[in-house]
There are 2 protein chains.
Amino acid sequence: MTFDWGPPVRIGSNREHKTLTDATVDRLRGDIISGRLKSGAKVKSEDLKGLYGVGTSPIREALFQLASEGLVRADGQRGFRVAELNENELLEITDWRARLEGEALRRSIINGDVNWEANAIAALHRLRGVQTSRDLTRDKAADLWEERHREFHFALYGKCGSPWLLRFCELLIQNGERYRRAFVEYKSIDQSITQEHEAILDAAVKRDHVKAVSILDKHIRHAGELAQKFLEKSLAPKASSAKLKPRRAGRGRTH
Amino acid sequence: MTFDWGPPVRIGSNREHKTLTDATVDRLRGDIISGRLKSGAKVKSEDLKGLYGVGTSPIREALFQLASEGLVRADGQRGFRVAELNENELLEITDWRARLEGEALRRSIINGDVNWEANAIAALHRLRGVQTSRDLTRDKAADLWEERHREFHFALYGKCGSPWLLRFCELLIQNGERYRRAFVEYKSIDQSITQEHEAILDAAVKRDHVKAVSILDKHIRHAGELAQKFLEKSLAPKASSAKLKPRRAGRGRTH
DNA sequence: AGAATAGCAGATTTCGAAATTCGGAGAAGG
DNA sequence: CCTTCTCCGAATTTCGAAATCTGCTATTCT
């Protein structure tokens with residue numbers, strides 16, 4: 001009967017979709033974060049209507065929601081486009097992720113009970129499970145790894161006791177993930193990333209929040225630098241491919 | 001020609017409304033923050049359609065946007081309601097406001113140029129201008145004071161250099177303002193509040209960020225405690241008025 | 001009488017089409 | 001030849017009605 005307070009904290013795909021709009025939000029969000037919809041691409045509701053098989057309203061409603069989350073920009077009465085990626089924002093997101101997620105982890109370690117530990121352990125185990133997948137470049141596999149990865153992090157932060165903090169982390173993680181998936185070509189997961197996860201969980205379960213937060217900080221900045229390296233490489237070097245963000249997004253006028 | 005990066009940072013009422021939906025968002029947000037739509041109240045699109053004189057779509061799109069901002073909750077297929085206020089959230093918002101706005105102010109003082117100073121001074125001057133209004137309980141006057149107040153704070157934070165930080169501050173301020181306006185019965189502005197504004201601006205212009213941030217911190221926690229005091233008084237004491245959230249909200253059916 | 005089910009009225013969600021708006025192509029004028 | 005204005009097609013926004021869903025009420029069965 002009593003409502004949860006604080007902003008709704010919901011990650012990625014929820015099991016039950018009561019509403020067509022909800023389903024569309026998740027699907028669209030997934031397509032943007034994963035990079036299937038490219039940075040800066042125009043989003044034509046007409047196209048999505050066909051693609052997702054829903055009417056105008058759910059798509060439009062989803063678009064407005066994602067605009068508030070920073071994944072999409074509403075452009076006057078000129079429709080919507082996928083938010084542009086840029087290096088400054090990556091830096092900013094990485095920095096705030098490190099700060100806020102660090103705080104969330106610290107508080108969770110202080111507040112967390114055995115159940116919290118169990119959830120985190122379970123989440124890391126599930127993450128290990130998809131780790132072994134050979135081919136993470138395939139959409140399906142990458143989606144799955146990222147989902148488990150998010151779940152692990154949020155299992156860690158779950159007991160921070162602050163819905164707003166969780167919401168902020170969620171927004172940052174979501175937007176940050178776009179950079180990894182847009183630029184980092186990971187065939188298989190870097191071993192050091194995996195080790196960091198283990199180390200964070202270990203310190204967390206031992207209630208050593210100083211150590212845990214310190215590793216998490218390194219983990220996040222590490223990921224940020226990796227993405228940044230690729231991003232620079234993509235933007236700077238060969239002016240030939242300068243027009244990355246290839247037009248191939250909108251399928252309107254080929255040629 | 002080039003897009004601003006980072007999430008869109010827009011406060012309250014924007015000058016130009018290109019789209020009916022945009023106008024509806026601002027209007028609805030105003031009605032929620034000001035308390036004209038009460039905490040927990042059901043939001044019937046049918047009612048708003050009549051009240052605002054627009055069709056289903058703009059209202060629905062606005063509702064989804066506000067849901068992402070935390071002012072409204074979307075409830076399965078059971079429609080929307082104004083987000084509930086509660087004491088825990090007030091505490092949380094106050095704490096995060098102090099932290100994040102403090103950081104925003106610190107960075108702005110470090111980055112800010114003469115123009116930034118000028119804007120802040122001008123904003124405070126405009127705030128002083130409405131300060132003299134006799135009757136701040138009237139919607140119009142309170143709306144104006146709050147708008148100027150927000151503008152002053154944001155003028156201060158404007159040079160923090162971090163769109164995400166600004167966005168977070170914006171969300172917190174918005175949601176925090178609801179508590180003041182729901183519970184604090186301010187006939188005239190407390191003198192100490194006014195003095196704090198002056199002191200913050202003074203320290204900011206003198207580039208003393210330690211002092212400025214310290215006063216800001218006090219300012220925010222001060223406002224939080226004030227709201228909390230009233231909130232407790234409203235919730236706890238007389239079970240008689242247990243059904244606070246008096247009906248007088250919607251001016252639709254004066255029965 | 002109590003519990004469970006069917007039916008109904010009120011709301012909400014979803015659709016498809018009408019009305020606006022944008023941006024460019026082409027004509028007219030300098 | 002360049003600029004400005006007008007008109008047209010494409011896309012977006014907005015509306016209003018049809019389809020669904022929810023929660024309550026009345027009815028029926030045990």
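Worth knowing before you read on, the calculation uses all heavy atoms, side chains too, and leaves out hydrogens, waters and symmetry mates. Everything numeric here is computed off the predicted structure, so don't read it as measured data.
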| task | Using the test salt bridge (charged side-chain N to carboxylate O under 4.0 Å, His left out), find all partners of B:R97 that sit at least two apart in sequence or belong to another chain. | result | B:E101
| Separation of atom CD in B:E46 from atom C1' in D:dA17, rounded to whole Å | 11 Å
| request: Name all residues meeting the salt bridge (charged side-chain N to carboxylate O under 4.0 Å, His left out) criterion together with A:R148; count only those two or more places apart in sequence or in a different chain, and write none if there are none. | output: A:E151
| Minimum-distance nucleotide to B:P58 side chain [options: D:dC15, C:dT12, C:dT14] | D:dC15
| request: List in chain and number order the residues that pass side-chain contact (heavy atoms from CB on, under 4.5 Å) with B:N119, two or more places apart in sequence or in another chain; answer none if no residue qualifies. | output: B:N115
| query | Does any pair with a residue in residues 27-46 of chain B pass ring pair (Phe, Tyr, Trp, His ring centres under 6.0 Å), and if so which ones, sequence neighbours excluded? | reply | none
| A:S57 (side chain) and C:dC15 (base): donor-acceptor pair under 3.5 Å | yes
Protein N or O to nucleotides 18-21 of chain D N or O, pairs below 3.5 Å:
residue, atom, partner, partner atom, Å
D:dC21, O3', B:Q77, NE2, 3.3

| task | May I ask you to verify if any side-chain N or O of A:T56 is less than 4.0 angstrom from the OP1 or OP2 atom of D:dT12? | result | no
| Which nucleotide in C:dT14, C:dC15, D:dT12 has an atom nearest any side-chain atom of A:S45 | D:dT12
List every contact pair, protein side and nucleotides 7-10 of chain C side both N or O, where the distance is under 3.5 Å.
none

| field | Spacing between A:D75 atom CG and C:dT21 atom P, to the nearest angstrom | value | 17 Å
| Counterpart residues, ring-ring contact (aromatic ring centres under 6.0 Å, His included), relative to B:F168 (two or more places apart) | A:F168, B:W164
| field | Spacing between A:L63 atom CG and D:dA11 atom C1', to the nearest angstrom | value | 14 Å
| request: Applying salt bridge (charged side-chain N to carboxylate O under 4.0 Å, His left out), name anything that partners B:D95, two or more places apart in sequence or on another chain. | output: A:R107, B:R99, B:R221
| d(CZ, B:R81; P, C:dT12) in whole Å | 10 Å
| field | Nearest-angstrom distance from the residue atom NZ of B:K18 to P of C:dT21 | value | 11 Å
| field | Euclidean distance, atom CG of residue B:D47 to atom C1' of C:dA11 [Å, nearest integer] | value | 11 Å
| A:E61 has an atom CD; how far is it from atom C1' of D:dT12, in whole Å? | 15 Å
| message | Counting the atoms with a prime plus P, OP1 and OP2 as sugar-phosphate, which does A:K49 contact under 4.0 Å by heavy atoms, base, sugar-phosphate, or nothing? | response | nothing
| query | Counting only side-chain N and O atoms of A:R78, is one of them less than 4.0 Å from OP1 or OP2 of C:dG23? | reply | yes
| query | Where is the tightest heavy-atom contact between B:T21 and B:E61, given as atom of each residue plus distance? | reply | OG1-OE1, 2.7 Å
| Can you list the residues that meet the salt bridge (charged side-chain N to carboxylate O under 4.0 Å, His left out) rule with B:K229, with sequence neighbours excluded? | none
| message | Rounding to an integer number of Å, can you tell me how far A:L48 CG sits from D:dT12 C1'? | response | 13 Å
| said: Please determine whether salt bridge (Lys or Arg N to Asp or Glu O under 4.0 Å) holds for the pair B:R181 and B:D143, giving the CA-CA distance in whole Å, both sets of side-chain angles, and the decisive distance to 0.1 Å. | reply: CA-CA 10 Å; B:R181 305 199 54 178; B:D143 280 354; 2.8 Å; yes
